[in-house]
Novice: 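Quick one: the structure is below, and I'll ask about it shortly.
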Amino acid sequence: MNQKFWIKKIAGFIVLALLFGGLLGYVVMLLWNQVLALAVSGVSEISFWQALGLLLLSKILFGGIGGWGCRPKNGHRKQEIKEKWQGMTPEEKERIKQEWRNRCRMWGKTDHDADSGIH
């Protein structure tokens with residue numbers, strides 16, 4: 001009975017993944033055809049299978065090949081940064097704050113904006 005349970009669970013997961021992928025492909029196809037094909041001249045409509053290919057291509061280009069959603073959460077990294085900040089001397093903290101003020105100034109912020117926390 002335990003083996004049947006896992007087979008059903010895996011089959012259900014595969015069916016749900018296929019349904020989700022199909023729905024996502026359909027949404028991409030609709031968006032492409034409604035937004036790009038109508039608004040931009042020279043862009044033709046795409047089929048459902050081309051939309052799925054576009055999704056796969058974007059995953060490869062922008063998301064990498066590995067780690068299909070199984071990446072660790074950022075909580076661990078956030079904790080490391082918090083511990084590092086707590087271990088700094090006041091002079092080190094002020095130096096870091098000044099570096100960030102300079103970065104904000106580079107993007108058009110003033111010293112007053114950076115000091116007051118306005119973003």
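All values below were derived from every heavy atom in this structure, side-chain atoms included, with hydrogens, water molecules and symmetry-related copies excluded. Note that the structure is a prediction, hence the values are computed from the model and not measured.
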Novice: Is a side-chain donor-acceptor pair under 3.5 Å present for Q79 with E83?
Specialist: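 Side-chain D/A pair, E83 to Q79: present.
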Novice: Would you check, one step at a time, whether the test side-chain contact (heavy atoms from CB on, under 4.5 Å) holds for I96 with W100?
Specialist: CA-CA 6 Å; I96 297 292; W100 280 100; 3.8 Å; yes
Novice: Measure the CZ-CZ distance between F13 and F20 for me, rounded to the nearest 0.5 Å.
Specialist: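 Interatomic distance, F13 CZ to F20 CZ, rounded to 0.5 Å: 11.0 Å.
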Novice: Taking all non-hydrogen atoms of both residues, which atom of A51 and which atom of G25 are closest, and how far apart?
Specialist: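 Scanning both residues completely, I find the closest heavy atoms to be CB-O, 3.3 Å.
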Novice: Work out which heavy atom in L54 is nearest to a heavy atom in V28; give both atom names and the distance.
Specialist: CD2-CG1, 4.2 Å
Novice: Above 12 or not: heavy atoms from other molecules or residues under 6.0 Å from OH of Y26?
Specialist: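 No, the 6.0 Å shell around OH holds no more than 12 heavy atoms from other groups.
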Novice: Looking at R101, R95, R103, which one forms a side chain to side chain donor-acceptor pair (under 3.5 Å) with E99?
Specialist: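 The single option meeting the side chain to side chain donor-acceptor pair (under 3.5 Å) with E99 is R95.
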Novice: Quick one: CG on L61 to CG on L56, what's the gap to the nearest 0.5 Å?
Specialist: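 It is 9.5 Å, given to the nearest 0.5 Å.
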Novice: Taking atom OG of S47 and atom CH2 of W32, what is their separation to the nearest 0.5 Å?
Specialist: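 So the OG of S47 and the CH2 of W32 are separated by 11.5 Å.
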Novice: If Ile, Leu, Val, Met, Phe, Trp and Tyr residues are connected whenever their side-chain heavy atoms lie under 4.5 Å apart, and connections chain through other members, are L36 and W49 in the same group?
Specialist: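 In one cluster with L36: W49, yes.
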Novice: Let me confirm one number: the CG-CD1 distance from L55 to I60, rounded to the nearest 0.5 Å.
Specialist: 11.0 Å
Novice: Examine distances only and state if a side-chain atom of E92 and a backbone atom of T89 form a donor-acceptor pair shorter than 3.5 Å.
Specialist: yes
Novice: Looking only at heavy atoms, what is the nearest atom pair of I46 and M29, with distance?
Specialist: O-CG, 3.5 Å
Novice: Hey, could you give me the CZ/CG distance between F48 and L30, rounded to the nearest 0.5 Å?
Specialist: 10.5 Å
Novice: Shortest non-hydrogen contact from W85 to K93?
Specialist: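 Smallest interatomic distance, heavy atoms only, reads O-CE, 3.0 Å.
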